[in-house]
Enquirer: 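Got a structure here, written out as structure tokens. Questions coming.
Each ligand, and each atom within it, is numbered from 1 in the order the structure gives. One-based numbering along the sequence shown.
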Amino acid sequence: MILNDDDTIAAISTAIGEGGIGIVRVSGKEAVTAVEKVFKNRKGLPISKRRSHSIVMGTIVDPNDGSEVDEVLVSVMRAPNTYTREDVVEVNCHGGSMALRRTLGLVIAAGARAAEPGEFTKRAFLNGRINLAQAEAVIDIIRSKTDVALKTAMGQLGGGLSNKISAVAETVTEALVQIEAAVDFSDEDIDVLPVEGLVSMLKDSLGELERLLTTSIKGRILKEGIRTAIVGRPNVGKSSLLNALLRADRAIVTPVPGTTRDIIEEIVNVNGVPLCLMDTAGIREADGEVERIGVELSRRALKISELVLCLIDGSKDVGEEDLALIGEIDTGAAILVINKSDLPQAPSVREIRLPESFKGQVEISALTGAGIGALEKAIEEIFFGGELDASDTAVITSVRHEQLVSNAAMRTREALSLLCTGQPEETISIVLRDVIRDLGEVTGESVGEDVLGRIFSQFCIGK
Ligand SMILES: Nc1nc2c(ncn2[C@@H]2O[C@H](COP(=O)(O)OP(=O)(O)OP(=O)(O)O)[C@@H](O)[C@H]2O)c(=O)[nH]1
Ligand SMILES: [Mg+2]
């Protein structure tokens, strides 16, 4: 791997816009000297003479004309105990975009270069402070929308997943070493391959990989939330249900059928399960352009969702349109939600035949809140069998990791079958090398520039 040891990078690391403070971060060999050229402290030693991890107050001054740009606090952190393992200097400016941009411009003129997205974290990875899976966890932490997602990402940053993967890679490497040792003896017509021991090592590894793969659905859910659409005919109480689950008046509720037109999206936390909840326009033969578009959007939401909460009004007889809609929901998971249980119930509601996609049926009143708890329980039950354990830190949350682990599992299975059918050691060793390479790509031990480029380009500049 190529390491641009020599250049020093700089970027505004805080969000754009006005804020209490904003930070220009500089990392690399010239970090201290570059900042020193544009910084004047009130008293004491220049920053190059300060001890590591100290903070100095002073002013950013344009060396060209001596004009003062901002009053700042400068933190000096010397390698290797820093985010990037290089010298890092952070200039805490007043959080206006002008002060930050001018400070960054001056630091760049003084010898730094503008950092690419994720380049600080990339350096932390290249310099060996964190592995690739941990670097990816940094993006997940930034993007976390729920407590559980944050907790899972923190687990990954702490090495939860990488440790498991490395342990498997180690076992497979050990098996490979034994197999390759046998190749060296293959001329001597003696059976040196400890097949039984190898089979058990590979079986253990396969078991662990398969177990990790089972966490991937849960991992993705924890990270992104379950895409959930609330659908039903107009006026059945969809928006009221969204509000009840959110415990806030988010969507407009009126007695007029056809109130909701646009899709309203909110993240809600249901017993620790994050739902990306979509309230939709009531589905019916629409009158008018706006409503027609709304109904189209509802149908699209229905298609892309992983969970459908199909709502009917329990106080009214079930109509053709209700049945047609229920029939449409034939894939994924759905729950029939019978609303308005506070009103006298129509008997026909109990006789609905549900397609297999329906995993349950719950009676609620979005108005009084009755049954909302039971609905939440039903949702948790569908996705986690009622046992959501967010404390498991070895969870696969990214598609990239899932593909690599799945490939590794497939190749391990193949190696096992080659081993059991007495195939040549050379063939088995090729397959095992693939397994080790795939696992190494998760943690970044064997990974190309292109993969790195793709991963770090998802970061924001300054991270
Ligand atoms: N009695 C009773 N009324 C309810 C209940 N839930 C909703 N309503 C009423 O039903 C009417 C429609 O509620 P909404 O939540 O706007 O229904 P919607 O399905 O979003 O309607 P559209 O957006 O028009 O498709 C309102 O007057 C609500 O107050 C309930 O559980 N019990
Ligand atoms: Mg509505």
Enquirer: Measure the distances from the heavy atoms of G258 to every atom of ligand 1 and state whether one is below 4.0 angstrom.
Expert: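 Yes; G258 lies near enough to ligand 1 that a heavy-atom distance drops under 4.0 Å.
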Enquirer: Looking at every heavy atom in both L336 and I326, which two are closest together, and how far apart are they?
Expert: CD1-CD1, 4.0 Å
Enquirer: Under 4.0 Å from any heavy atom of V236, which atoms of ligand 1 are there?
Expert: 19 (O)
Enquirer: Would you say N243 contacts ligand 1, with heavy atoms under 4.0 Å as the rule?
Expert: no
Enquirer: Can you find an N or O of A366 that's nearer than 3.5 Å to an N or O of ligand 1?
Expert: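 Yes.
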Enquirer: Counting heavy atoms only, name the option from L311, N235, N339 that's nearest to atom 22 (P) of ligand 1.
Expert: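 Selected option, by shortest heavy-atom distance: N235.
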Enquirer: Is D313 paired with R233 through a side-chain N to carboxylate O contact shorter than 4.0 Å?
Expert: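 No, R233 and D313 are not salt-bridged.
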Enquirer: Is S341 close to ligand 1, meaning an N/O of one under 3.5 Å from an N/O of the other?
Expert: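 N/O-N/O distance below 3.5 Å does not exist for this pair.
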Enquirer: Salt bridge check: are K122 and E119 linked by an N-O gap of less than 4.0 Å?
Expert: no
Enquirer: Looking just at side-chain N and O atoms, do T443 and S162 make a donor-acceptor pair shorter than 3.5 Å?
Expert: no
Enquirer: Is there a polar contact, in the sense of an N or O pair closer than 3.5 Å, between G282 and ligand 1?
Expert: yes
Enquirer: Taking both backbone and side-chain atoms of G237, is any N or O found less than 3.5 Å from an N or O belonging to ligand 1?
Expert: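 Among all N and O atoms of G237, at least one is under 3.5 Å from an N or O of ligand 1.
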Enquirer: Starting from atom 26 (C) of ligand 1, what is the nearest protein heavy atom, named by residue and atom, and what distance separates them?
Expert: T254 O, 3.5 Å
Enquirer: Give yes if a backbone or side-chain nitrogen or oxygen of K238 is under 3.5 Å from a nitrogen or oxygen of ligand 1, and no if not.
Expert: yes
Enquirer: How far is atom 10 (O) of ligand 1 from its nearest protein heavy atom, and which residue and atom is that?
Expert: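 Closest protein heavy atom to atom 10 (O) of ligand 1: K340 NZ, 3.1 Å.
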Enquirer: Would you check whether S239 has a nitrogen or oxygen atom less than 3.5 angstrom from a nitrogen or oxygen atom of ligand 1?
Expert: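 Yes, at least one N or O pair falls under 3.5 Å.
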Enquirer: Would L367 count as a polar contact of ligand 1, with the cut-off being nitrogen or oxygen pairs under 3.5 Å?
Expert: yes
Enquirer: Are E296 and R299 within salt-bridge range, i.e. N to O under 4.0 Å?
Expert: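 Salt bridge absent between E296 and R299.
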Enquirer: Identify the protein heavy atom lying closest to atom 28 (C) of ligand 1, giving its residue, its atom name and the separation to 0.1 Å.
Expert: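 In this structure, atom 28 (C) of ligand 1 has V253 CG1, 3.6 Å as its nearest protein heavy atom.
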Enquirer: Applying side-chain contact (heavy atoms from CB on, under 4.5 Å), run through F39 and V91 and close with a yes or a no.
Expert: CA-CA 10 Å; F39 175 73; V91 183; over 6 Å; no
Enquirer: Any N/O/S atom, backbone or side chain, of S240 lying under 2.8 Å from the Mg ion (ligand 2)?
Expert: no
Enquirer: Have S205 and T412 got a donor and an acceptor in their side chains that come within less than 3.5 Å?
Expert: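 The answer is no; no qualifying pair exists.
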Enquirer: Which residue and atom name correspond to the protein heavy atom nearest atom 32 (N) of ligand 1, and how close is it?
Expert: D342 OD1, 2.8 Å
